[in-house]
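Indexing begins at 1, ligand by ligand and atom by atom, following the structure's order.
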Amino acid sequence: MELTRLKGIGQAQAAKFASLGIQRVEDLLFHLPLRYEDRTRLYPLDKLVFGQPAMVEGRVLRRYTTNTRRPILVCEITDGNATLALKFFRFYRSQSIKMQPGTLIRAYGEVRPGMGMPEMLHPEYQHIGQRPPPLANYLTPVYPKTDGLSQKAVQRAVSQAMDCLQQGRLVLTDYLQQAEVLPADMPDLLTALNGIHRPPADTDITTLLSATHPHRQRLVLEEIIAHVLAMKKLRRTVQSRQAPVLHLPESDWQAFQQRLGFSLTAAQQRVIAEVRADLARNVPMQRLVQGDVGSGKTVVAAAAMMTAQAAGKQAALMAPTELLAEQHAASLTQWFAPEDVVFLSSGLNAAQRRTAMARIAAGVPLVVGTHALFQDAVQFSDLVLVVIDEQHRFGVHQRLALRQKGPHGEHSHMAHQLIMTATPIPRTLAQTAYANLDVSVIDELPPGRQPVTTLVLSNEKMPLVAERIRAACARGEQAYWVCTLIDESELMRARAASETAEQLARQFPDLRIGLVHGRMKSEEKNAVMRQFKAGQTDLLVATTVIEVGVDVPNASLMVIENAERLGLSQLHQLRGRVGRGNRHSHCVLLYQSPLGATAKKRLETLRRTHDGFEIARVDLQIRGPGEVLGTRQKGALQFRVADVQRDQTALQQATLLAPKLLQKSPELADKLIARWLPRQDELANA
Ligand code: ADP
Ligand code: MG
């Protein structure tokens, strides 16, 4: 039902509501109150409680304006039992004139102790005549609102929506009940909505507002079920498409392992086997590979790509940063014939890009690049596999665009998709957010890795730290020095890093120092990284461009300046750059005092643990799921009433109930999805 069908809502108002995510009358019903006001009864003036809001009524005793520099309007009212002062710091003269002694006033506001009598500052009030208007029948809900939309307007709109519901002009079927999956201890939908938007006067507000209240939990459960169903549907849609069957000949696979120079961990073997099994089916693979930093995901990508190559087809690997894409290209050239690999990024010059694109169009089997890969001009000859590394760094449109470059011609065909992430996703969250994907976990690090010792020190200790770096480098170790500047331009960051590099060079003239930042040309960056990798520089001063994927096993020390400015996952990623070899590594987190509570918690967590899952759990607590999954922009996890962190019980229930509902009636499932995710087509390809 269109919002504009309601009284008082025109196009302009509707647009304001839209910014709250409210498009339809139905949506108003799921716009839950933040708190309630009790306007159902009048408090006698001698029964007022300081600090609490109250609705009162009384006759004006006297009113005056103070003689202070900024006059205050004071209006004293009485109900025969006691008096109360209503105070206004901003007022019109007409207001004061209307407050004739003897007139009856009804006011609502918070009661405070005043001079000689209790008072209310800027209460809402109205003059009431001979026949006082009736009091509210229900507690008055107070809703989240937005600029340009008054609380009154939101209240009126929701109230009208409730009226529509009650009068049957709007039908809201209880699908859970209809499908007989509603848990016995939960109210039906209408009871829940009524209880939330129109609670009777004697309701205990605190209990009603708590997230665990059955009325709220009822909506939470329904919403999560809708999400799970949406993801399942999305999965089915993809499963109904066809993908080429790809087999990797065993001899190729053995030869590849020989070339690697290390033996795969059991976890890598297992995950690669899962990927190969997926590729051997004629439906598109939709697999997410989770593995902590350094767990060796690149080899998994390579194995999958090799399978496409063996079938005479193309695979593309997309990385979020230029540096990482280059590094992947380097790994692939090492593991495969260099002429089979092509690299494409926006950092290439026009001629290089033309060549790369021509080779892609001509069918080079292994393509690596940044988001430049999905530009319209890039035409693949026979793309059958898309691998996305560090997926959380891409927007949904970018991923989608690349997938659309898959097998053309027949619409029913689709490329296989492999998604890799170092962000460990707690199980319950994965069951909703990624219910459309199969998940493989590389839960083992290559042998010989030692945990990184993490130190948290104040910036004042910087000279000491620098000295330790020098000593370590003198012993043949290598180190990173990470400069952080948040919310500044790439230029500013580059400048900060350059200055640090110069300063360190002055301080330690015998150290060989490299510098890498986002403003450098791709070849420059590459050269610096190559030197560092080859051990020709001792210390690499860098911006956070080295965050993802950079792999230099000999580096065993990392200093992160102003670590308090970075997020938990980012710090974990950065720290993952050391401890990749066999040497015992250190990571020093320098912070600027004083440290805020959240920053302190972040740094403490890092010092305490290396467990990516534990870190993700804390991160989830601090930042919420949208940020952790990088899905904020796509809205996949923009719940209206649920909170995946808080509503763990409902999440578990939902993963059980969703399949039941689907089995009962796919039609009801579709309706439920449409209710909660009206624009699910947008997320449908996430
Ligand atoms: P991730 O992308 O998961 O962070 P990488 O794929 O970059 O990790 O691998 C990290 C490092 O570990 C690389 O130097 C890689 O060559 C190495 N590596 C991967 N698997 C193994 C293994 N099974 N044994 C030894 N080293 C490995
Ligand atoms: Mg990686």
Q) Which ligand 1 atoms does Thr298 reach within 4.0 Å, using its non-hydrogen atoms? A) 2 (O), 5 (P), 6 (O), 7 (O)
Q) Should Ser295 be listed as contacting ligand 1, given a heavy-atom distance under 4.0 Å as the test? A) yes
Q. So, Lys525 and Glu326, do they make that salt bridge, N to O below 4.0 Å?
A. no
Q | Subset of ligand 1 atoms that lie under 4.0 Å from at least one heavy atom of Leu264 | A | 23 (N)
Q. Do Leu571 and Leu603 pass the side-chain contact (heavy atoms from CB on, under 4.5 Å) test, and can you show the C-alpha distance, the side-chain angles, and the key distance before you say yes or no?
A. CA-CA 9 Å; Leu571 287 166; Leu603 300 186; 4.0 Å; yes
Q) Are side-chain N/O atoms of Gln478 and Asn554 paired as donor and acceptor at under 3.5 Å? A) yes
Q: Please determine if Arg276 and Glu250 form a salt bridge, counting it only when a charged side-chain N lies under 4.0 Å from a carboxylate O.
A: yes
Q: Select one of side chain, backbone, both or neither to describe which atoms of Ser263 lie under 4.0 Å from any atom of ligand 1, heavy atoms only.
A: backbone
(Q) Please determine whether any non-hydrogen atom of Gly294 lies less than 4.0 Å from an atom of ligand 1. (A) yes
Q.
Any nitrogen or oxygen of Pro447, side chain or backbone, less than 3.5 Å from one on ligand 1?
A. no
(Q) Whether the Glu477 and Ser556 side chains hold a donor-acceptor pair (N or O, under 3.5 Å, no angle test) is what I'd like checked. (A) yes
**Q.** Contact atoms of ligand 1, heavy-atom distance to Thr265 under 4.0 Å
**A.** 23 (N)
Q. Is any side-chain N of the basic residue among Arg235 and Asp438 closer than 4.0 Å to the acidic one's carboxylate O?
A. yes
Q. For ligand 1, which atoms sit closer than 4.0 Å to a heavy atom of Gly296?
A. 1 (P), 3 (O), 5 (P), 6 (O), 8 (O), 9 (O), 19 (C)
**Q.** Between His416 and Asp278, a side-chain donor and acceptor under 3.5 Å
**A.** no
**Q.** Residue Pro446 vicinity, atoms of ligand 1 by number, heavy atom under 4.0 Å
**A.** 20 (N), 21 (C), 22 (C), 24 (N), 25 (C), 26 (N), 27 (C)
Q: Taking only Lys NZ, Arg NE, NH1 and NH2, and the carboxylate oxygens of Asp or Glu, determine whether Arg470 and Glu467 approach each other closer than 4.0 Å.
A: yes
**Q.** N or O contact, Arg580 vs ligand 1, cut-off under 3.5 Å
**A.** yes
Q: List every atom of ligand 1 that sits less than 4.0 Å from any heavy atom of Val293, numbering the atoms from 1 in the order shown and giving each element.
A: 4 (O)
Q: With heavy atoms of Asp292 as the reference, note each atom of ligand 1 found under 4.0 Å away.
A: 3 (O)
